[in-house]
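Report on the following structure.
Since we're looking at a predicted model, the values are computed, not measured.
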Amino acid sequence: MAAFNFTPSDPSTFILMGIPGLETAHIWISIPFSIIYMMGLLGNFTVLFVVGKEETLHKPMYLLLCMLALTDISTSTSIMPKALFIFWFDFKGITVAGCLTQMFFIHTISIMHSAVLVTMAFDRYVAICNPLRYAIIVTNVRIAKLGIMALLRAVLFVLPLPFILSRLPFCGNHIIPYTYCEHIAVAKMSCGDITVNRMYGLVVAFVVIGLDLTLIALSYGLIIRAILRISSKKAHQKAFSTCTSHLCVLMMAYPPGLFSNLTQRFGQGIAPHVHIILSNLYFLIPPMLNPIIYGVKTKELHDQVGKYICRR
């Protein structure tokens with residue numbers, strides 16, 4: 001990415017301002033941010049460790065939890081180390097290559113995370129609607145293949161973004177009023193026409209998120225239909241309880257993500273520092289809560305984590 005042909009007037013570094021208007025409070029803001037970040041890392045690495053160590057958990061459902069944990073770790077880690085350097089040391093400079101690399105990873109991981117949630121919805125659909133064939137349809141190998149396909153899809157959609165940015169003239173403006181390099185935030189620095197950037201970003205957001213939400217809605221529509229055909233109230237409760245964790249994760253992932261994406265483009269009436277803080281929390285809070293949700297709701301995982309804690 002360092003070889004991209006930016007115009008001669010472009011600076012060799014960009015400046016990430018952190019949270020404009022709240023510079024004097026950066027240290028205080030960093031305290032809850034760093035605590036949430038560390039809790040998220042601890043929770044997700046615990047899931048990876050326990051599932052990796054326990055052979056009884058080497059099942060498709062827990063492989064999906066590991067994939068979710070990896071995307072959560074990558075999501076928060078792609079932005080927080082740099083943000084904390086800004087908050088603690090006022091280290092605001094970032095090279096053009098570093099900025100484009102960070103942007104590439106942020107958007108790739110976000111699309112990958114969405115694909116994992118779709119795969120988890122498929123897993124719940126098969127478990128409830130076709131339980132007798134679950135072990136045949138949902139295997140570790142099949143889940144791994146779906147994970148690889150999800151990664152390839154994310155890379156193919158995001159890879160054009162740095163190249164689209166590389167065609168823009170920046171005319172000496174190199175200040176990004178953000179804590180991280182986001183596609184539209186970087187494009188807005190340009191003195192050229194960013195219509196292509198806006199359109200491509202919107203197309204990717206609506207095609208990827210629209211397709212994924214459609215597949216999730218279809219899965220849950222079939223799940224609800226199957227549950228309504230069951231006469232036993234106890235069976236209803238058991239079926240719904242198997243989906244509760246996934247539904248909670250969905251509610252933390254999509255509504256805030258769509259809000260952040262749309263306000264970045266159309267939310268001129270929202271104070272910049274409010275939008276920036278909310279955007280950072282969107283990358284921090286779900287990675288912290290996801291392992292807690294699954295640790296509480298998934299008895300087998302809960303028991304194994306408790307066993308390791310008691311040993312220590």
- Task: Could you check F283 against Y180 for ring pair (Phe, Tyr, Trp, His ring centres under 6.0 Å), going step by step and ending with a plain yes or no?
- Result: CA-CA 11 Å; F283 286 112; Y180 58 90; 5.4 Å; yes

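- Pairs engaging residues 43-123 under the disulfide (SG to SG under 2.5 Å) rule: C99-C181 [sequence neighbours left out].
- Both I86 and F91 belong to a common hydrophobic cluster when Ile, Leu, Val, Met, Phe, Trp and Tyr are linked at side-chain heavy-atom distances under 4.5 angstrom.
- Note on I175: it does not cluster hydrophobically with F85, by side-chain heavy-atom contacts below 4.5 Å among ILVMFWY residues.
- In terms of heavy atoms, I194 sits closest to A187 at CG2-O, 3.3 Å.
- Within the 4.5 Å cutoff, no side-chain heavy atoms of V96 are placed close to those of T13.
- A donor-acceptor contact under 3.5 angstrom links the side chains of Y37 and T77, judged on distance only.
- Among L165, L159, V158, the single residue meeting the side-chain contact (heavy atoms from CB on, under 4.5 Å) criterion with L161 is V158.
- Listed by first and then second residue, the disulfide (SG to SG under 2.5 Å) pairs that reach into residues 18-47 come to none, sequence neighbours excluded.
- Within 6.0 Å of OH on Y282 lie more than 12 heavy atoms contributed by other residues, nucleotides or ligands.
- F105 CZ: 12 or fewer foreign heavy atoms inside a 6.0 Å radius.
- Transitive grouping of hydrophobic side chains (ILVMFWY, heavy atoms separated by less than 4.5 Å) keeps L42 and M80 in distinct clusters.
- Checked by atom type and distance alone, the side chain of S190 pairs as donor or acceptor with a backbone atom of P169 at under 3.5 Å.
- Looking at heavy atoms from C-beta onward, V186 lies out of side-chain contact with Y178 at the 4.5 angstrom threshold.
- Rounding to the nearest 0.5 Å gives a distance of 4.5 Å between CD1 of I137 and CG of N130.
- The CZ atom of F14 lies 9.5 Å from the CG atom of L16; values are rounded to the nearest 0.5 Å.
- A donor and an acceptor atom, one from each side chain of Y134 and D123, are located under 3.5 Å apart.
- Shown here for P287 and N44, the closest heavy-atom pair between the two residues is O-ND2, 2.8 Å.
- Ion pair D193/R167 not flagged as a salt bridge, since none of the NZ, NE, NH1 or NH2 atoms sits closer than 4.0 Å to an Asp/Glu carboxylate oxygen.
- Within a 6.0 Å radius of CE in M39, no more than 12 heavy atoms belonging to other residues, nucleotides or ligands are found.
- Hydrophobic clustering (ILVMFWY, side-chain heavy atoms < 4.5 Å, transitive): L152 and V141 are in distinct clusters.
- Here the side chains of L84 and S34 are in contact, with some heavy-atom distance below 4.5 Å.
- In this structure the side chain of I209 reaches within 4.5 angstrom of the side chain of S114, judged on heavy atoms.
- Residues M17 and P177 approach most closely at CB-CA, 4.0 Å, considering heavy atoms.
- H107 meets the ring pair (Phe, Tyr, Trp, His ring centres under 6.0 Å) test with no other residue; sequence neighbours excluded.
- Counting heavy atoms from C-beta on, the side chains of D90 and E23 never come closer than 4.5 Å.
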